[in-house]
Participant: 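Structure incoming, see below.
Numbers restart at 1 for each chain; the letters A, B, ... are given by sequence-line order, proteins then strands.
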Amino acid sequence: MSENHNEAEHVQEENRLIAERRAKLSAIREKRNAFPNHFRREDYADRLQAELGEKDKEELETLDRHASIAGRIMAKRGPFMVLQDMTGRIQVYVDKKQFPEELADEIKTWDIGDIISATGPVHKSGKGDLYVYMKETSLLTKSLRPLPDKFHGLQDQEIRYRQRYVDLIMNESSRRTFSIRSKMISSIRNFLQQRDFVEVETPMMQVIPGGASARPFVTHHNALNMDMYLRIAPELYLKRLVVGGIERVFEINRNFRNEGLSTRHNPEFTMIEFYQAYADYKDMMDLTEAMLRNTAQEVLGTTTINYQGSEYDFAKPFTRLSVFDSVLQYNADITAEQLADMTQATAIAKKLGVDVKGSWGLGKIQIEIFEETVEHKLDQPTFITEYPTEVSPLARRNDDNPFVTDRFEFFVGGRELANGFSELNDSEDQAERFMAQVAEKDGGDDEAMHYDADFIAALEYGLPPTAGEGIGIDRLVMLFTDAPSIRDVLLFPHMRPE
RNA sequence: GGGCCGUUAGCUCAGUGGUAGAGCAGUUGGCUUUUAACCAAUUGGUCGAUGGUUCGAAUCCAUCACGGCCCA
């Protein structure tokens with residue numbers, strides 16, 4: 001009994017700061033519409049700074065430039081309030097004596113976090129900061145919850161992810177990250193559109209999840225009474241579109257993979273995939289270099305990327321190295337003969353701690369050795385080429401060496417950012433590769449691919465010689481914004497329920 | 001899945017076994033061209049949860065939850 005009483009009391013205590021603001025809101029409700037939507041702003045903080053920031057005090061007073069702004073109160077300093085809008089911050093000067101008594105009294109109740117309008121001439125303070133000398137003002141939205149510490153901002157990582165809106169209000173660096181993300185996607189989109197690529201949207205819900213090796217999320221369609229899968233990649237649909245004659249095509253959208261979470265993995269993540277007919281994987285590498293260089297220059301104004309203390313030069317041509325050669329280069333104790341021999345390569349993999357399965361061929365074992373000993377060391381931008389056919393079920397075999405495919409992956413800072421290849425457009429070869437994947441699946445590999453008969457049918461109509469590529473947008477944004485975790489570049493990263 | 005670290009007021013953080021603290025925010029008053037505004041007073045806490053050790057636990061131990069970093 002007394003416990004319940006204490007708990008109720010506590011809930012009330014917890015909401016004390018909110019209750020005070022709620023009372024202020026009630027008082028306003030009694031006088032007028034507390035949530036007016038009549039005000040139309042004409043100016044933004046940063047544009048006023050750009051337009052007027054260089055002018056001196058006297059010039060501004062002569063100019064008598066009137067501005068009308070709106071934003072959230074972020075600080076109160078004597079007769080000044082700092083307003084923040086989507087572009088930045090600017091001060092307003094409040095001389096309560098010039099307002100009617102009722103308004104002056106109300107202004108006293110305005111809190112940090114409230115959203116107000118302000119109109120008046122732009123002046124400059126003794127220390128050289130612009131401010132709007134408030135002639136008219138109105139509370140537009142009362143904020144009921146107190147904001148975090150105005151100086152330290154919001155530090156708690158968990159709250160920054162769970163309540164991103166508070167993070168965005170408080171932390172300029174967070175706003176910057178998502179602004180860069182938006183600009184990067186625009187830049188990439190423009191880059192491709194200028195080269196005649198057509199943007200499309202293909203199914204997120206698929207009956208056969210294809211285009212990658214990963215476990216899918218399963219959902220259920222009630223009316224059709226059938227399971228469906230959230231897509232793990234758009235690849236097979238985009239290639240169908242190339243068959244259909246959209247010879248340059250791309251999609252920027254979400255993929256879903258039912259895997260663990262880490263600083264580099266979120267269950268849903270954004271990929272761009274693009275396909276170009278009458279091109280091969282070397283053209284894709286060239287295109288990637290040009291695109292990344294262009295994006296860096298457009299978005300960051302430089303082709304030198306600083307990431308977690310390392311510097312990456314996107315201006316010079318990226319290193320190109322085969323899987324096989326890279327393993328030799330990064331492992332002085334492994335010889336070409338050993339790596340090319342099934343028995344010896346298996347022994348090397350086992351020594352590295354790889355759980356070698358009986359069904360694996362030499363190609364899979366070489367890739368395991370590559371991933372164990374090379375991948376994380378590929379610091380400067382590097383294309384790794386000639387991936388074994390065994391691990392590349394959708395890529396075209398190399399004309400001279402059918403053991404490998406005309407494929408590459410792209411690495412920066414030890415992380416895979418992109419994967420591209422000349423597409424397998426031989427429908428009979430593709431059908432055989434699907435069969436091999438199905439055998440893997442039956443053998444217990446739940447990441448192996450399904451047989452997609454309609455995709456084979458599409459290839460039988462004829463896919464022109466084509467190359468395609470996927471780039472992980474989130475990881476690219478991490479690189480460009482110096483973010484250590486994928487959660488920092490996702491507005492609403494996946495979190496366990498509290 | 002494993003290891004390490006964290007969780008104390010709305011926020012940022014102190015507090016290593018003996019009456020739970022500071023700054024900011026809030027409240028009241030003062031000041032009113034400030035720059036983390038200032039001055040004075042003041043409110044505010046199931047110390048993540050549960051169990052244990054102890055005369056006594058925010059503090060020591062165990063388990064769990066959530067998060068961070070590293071590894072797989």
Participant: Is the backbone of H494(A) close enough, under 3.5 Å, to the side chain of N266(A) for a donor and an acceptor to pair up by distance?
Facilitator: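 It does hold such a pair.
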Participant: In the strands shown, is rU12(B) matched to any nucleotide by a Watson-Crick or G-U wobble pair with both distances under 3.5 Å, and which?
Facilitator: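 Base-paired to rA22(B).
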Participant: Does rG68(B) have its OP1 or OP2 closer than 4.0 Å to a side-chain nitrogen or oxygen of R487(A)?
Facilitator: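 It does, given that an N or O in the side chain of R487(A) lies less than 4.0 Å from OP1 or OP2 of rG68(B).
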Participant: Let me confirm one number: the CD-OH distance from Q206(A) to Y229(A), rounded to the nearest 0.5 Å.
Facilitator: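 One gets 11.0 Å once the value is rounded to the nearest 0.5 Å.
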Participant: On a whole-Å scale, what distance lies between the P atoms belonging to rC60(B) and rG17(B)?
Facilitator: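 rC60(B) and rG17(B) have their P atoms separated by 8 Å.
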Participant: Between rG21(B) and rC47(B), how far apart are the two P atoms, rounded to whole Å?
Facilitator: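 Approximately 14 Å lies between the P atom of rG21(B) and that of rC47(B).
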Participant: Measure CZ/R16(A) against C1'/rU43(B) and give the value in whole Å, please.
Facilitator: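 So the two atoms are 6 Å apart, to the nearest Å.
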Participant: Mind checking the C1' distance from rU59(B) to rA20(B)? Whole angstroms is fine.
Facilitator: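 To the nearest whole Å, 12 Å.
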Participant: Looking at R496(A), does any N or O in its side chain come under 4.0 Å of the phosphate oxygens OP1/OP2 on rG67(B)?
Facilitator: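 For R496(A), the contact criterion (side-chain N or O under 4.0 Å from OP1 or OP2 of rG67(B)) is met.
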Participant: Nearest-nucleotide wise, let me know which of K97(A) and S485(A) is further upstream toward the 5' end of RNA chain B.
Facilitator: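 This one resolves to K97(A).
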Participant: Between rG68(B) and rA58(B), how many Å separate the two P atoms, rounded to a whole number?
Facilitator: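 It works out to 28 Å between them.
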Participant: Select base, sugar-phosphate, or nothing to describe what R160(A) touches, counting heavy atoms under 4.0 Å on all strands.
Facilitator: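 Counting heavy atoms under 4.0 Å across all strands, no contact is made by R160(A).
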Participant: Take M342(A) and L362(A), measure what side-chain contact (heavy atoms from CB on, under 4.5 Å) needs, and give me the verdict at the end.
Facilitator: CA-CA 5 Å; M342(A) 181 70 190; L362(A) 180 59; 3.9 Å; yes
Participant: For a salt bridge (charged side-chain N to carboxylate O under 4.0 Å, His left out) check, start with the C-alpha distance between R65(A) and E51(A), then their side-chain angles and the critical distance, and finish with the verdict.
Facilitator: CA-CA 10 Å; R65(A) 161 77 156 88; E51(A) 179 191 332; 2.8 Å; yes
Participant: Write down the distance between NZ (K24(A)) and C1' (rU28(B)), rounded to a whole number of angstrom.
Facilitator: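 After rounding, the gap between these two atoms is 12 Å.
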Participant: NA contact type, E498(A), heavy-atom cut-off 4.0 Å: base, sugar-phosphate, or nothing?
Facilitator: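 Since no nucleic acid heavy atom lies under 4.0 Å of E498(A), the category is nothing.
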Participant: Determine the contact category for M170(A): base if any of its heavy atoms lies under 4.0 Å from a base atom, sugar-phosphate if only primed atoms, P, OP1 or OP2 are that close, otherwise nothing.
Facilitator: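 M170(A): no heavy atom of the nucleic acid under 4.0 Å.
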Participant: Which part of the nucleic acid, if any, lies within contact of D156(A), taking any heavy atom under 4.0 Å across all strands shown: a base, the sugar-phosphate backbone alone, or nothing?
Facilitator: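 Sugar-phosphate only.
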Participant: I112(A) has a side chain; which of rU33(B), rA25(B), rA36(B) sits nearest to it?
Facilitator: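 Nucleotide nearest to I112(A)'s side chain: rA25(B).
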Participant: Does OP1 or OP2 of rA25(B) have a side-chain N or O of K150(A) closer than 4.0 Å?
Facilitator: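 Checking rA25(B) against K150(A), a side-chain N or O does come within under 4.0 Å of OP1 or OP2.
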Participant: Between rG52(B) and rU46(B), how far apart are the two P atoms, rounded to whole Å?
Facilitator: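 Between the two P atoms, the distance is 22 Å.
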Participant: Does K76(A) make a side-chain N or O approach to OP1 or OP2 of rC31(B) shorter than 4.0 Å?
Facilitator: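 It does not, given that no N or O in the side chain of K76(A) lies less than 4.0 Å from OP1 or OP2 of rC31(B).
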Participant: If each of H494(A) and G128(A) is mapped to the nucleotide of RNA chain B with the nearest heavy atom, which maps nearer the 5' terminus, i.e. the 5' end?
Facilitator: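 Per heavy-atom nearest nucleotide, the more 5' residue is G128(A).
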Participant: Using the side-chain heavy atoms of L154(A), tell me which of these nucleotides is nearest: rU12(B), rC69(B), rA36(B).
Facilitator: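 Taking heavy atoms from C-beta onward, the closest nucleotide is rU12(B).
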Participant: Given atom CD1 of I73(A) and atom C1' of rU35(B), what is their separation to the nearest angstrom?
Facilitator: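 I73(A) atom CD1 is separated from rU35(B) atom C1' by 17 Å.
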Participant: If I take atom CD in residue Q91(A) and atom C1' in nucleotide rA36(B), what distance separates them, rounded to the nearest angstrom?
Facilitator: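 These atoms are roughly 12 Å apart.
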Participant: Which is true for Y131(A) with a 4.0 Å heavy-atom rule: it touches a base, it touches only sugar-phosphate, or it touches nothing?
Facilitator: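 It contacts base atoms.
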Participant: Over all strands shown, is P497(A) touching base, sugar-phosphate only, or nothing at heavy-atom distances under 4.0 angstrom?
Facilitator: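 Touches sugar-phosphate only.
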Participant: Using a 4.0 Å heavy-atom cut-off, does G353(A) contact any base of the nucleic acid, only the sugar-phosphate backbone, or nothing at all?
Facilitator: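 It contacts nothing in the nucleic acid.
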Participant: Does the base of rG26(B) carry an N or O that pairs as donor and acceptor with the side chain of D111(A) under 3.5 Å?
Facilitator: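 Result: no qualifying N/O pair found.
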Participant: Both distances under 3.5 Å, Watson-Crick or G-U wobble: report the partner of rC60(B), or none.
Facilitator: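 rG52(B) - that is the nucleotide pairing with rC60(B), both distances being under 3.5 Å.
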Participant: Can you tell me how far C1' in rG45(B) sits from the matching atom in rC64(B), rounded to whole Å?
Facilitator: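 Approximately 23 Å lies between the C1' atom of rG45(B) and that of rC64(B).
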Participant: For atom C1', what is the distance between rG23(B) and rA36(B), given to the nearest Å?
Facilitator: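 Between the two C1' atoms, the distance is 10 Å.
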Participant: Using both distances under 3.5 Å as the test, list the Watson-Crick or G-U wobble partner of rC31(B), or none.
Facilitator: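 Looking at the geometry, rC31(B) pairs with no nucleotide.
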Participant: Nearest whole angstrom, please: distance from the P of rU34(B) to the NZ of K124(A).
Facilitator: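 Between P of rU34(B) and NZ of K124(A): 16 Å.
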Participant: Atom NE2 of H152(A) and atom P of rA22(B): how far apart are they, to the nearest Å?
Facilitator: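 Rounded to whole Å, this separation is 16 Å.
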Participant: Taking the P atom in each of rG44(B) and rG10(B), what is the distance between them to the nearest angstrom?
Facilitator: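 It comes out at 12 Å once rounded to the nearest Å.
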Participant: R77(A) side chain N/O closer than 4.0 Å to the phosphate oxygens (OP1, OP2) of rA37(B)?
Facilitator: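 Yes, R77(A) has a side-chain N/O under 4.0 Å of OP1/OP2 on rA37(B).
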Participant: Distance alone, cut at 3.5 Å: any donor-acceptor contact between the side chains of E469(A) and T288(A)?
Facilitator: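 Looking only at side-chain atoms, T288(A) and E469(A) do form a donor-acceptor pair, the distance falling under 3.5 Å.
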Participant: May I ask you to verify whether the side chain of S125(A) and the base of rU33(B) hold a donor-acceptor pair under 3.5 Å?
Facilitator: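 Counting by modelled atom types and ignoring angles, no donor-acceptor contact under 3.5 Å is found here.
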Participant: Is R433(A) reaching over with its side chain to a backbone N or O of S392(A), donor-acceptor style, under 3.5 angstrom?
Facilitator: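 Yes: the side chain of R433(A) pairs with the backbone of S392(A).
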Participant: What is the separation between atom CD on Q157(A) and atom P on rU7(B), rounded to the nearest whole Å?
Facilitator: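 Spelled out: CD on Q157(A) to P on rU7(B) is 15 Å.
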Participant: Could you work out which one of rG67(B), rU27(B), rU32(B) sits closest to the side chain of P79(A)?
Facilitator: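 Ranking rG67(B), rU27(B), rU32(B) by closest atom to the P79(A) side chain puts rU32(B) first.
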Participant: Between Q163(A) (CD) and rC66(B) (C1'), how many Å, whole number?
Facilitator: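 Result: 14 Å.
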Participant: Taking it one step at a time, do F410(A) and F318(A) satisfy ring pair (Phe, Tyr, Trp, His ring centres under 6.0 Å)?
Facilitator: CA-CA 9 Å; F410(A) 177 60; F318(A) 302 157; 5.1 Å; yes
Participant: Output the single nucleotide from rC70(B), rG68(B), rU33(B) whose closest atom is nearest the side chain of F80(A).
Facilitator: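 Nucleotide nearest to F80(A)'s side chain: rU33(B).
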Participant: Could you check, using the six-membered ring where one of them is a Trp, whether F421(A) and Y281(A) have ring centers closer than 6.0 angstrom?
Facilitator: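 Ring-ring flag for F421(A)/Y281(A): false, centres at least 6.0 Å apart.
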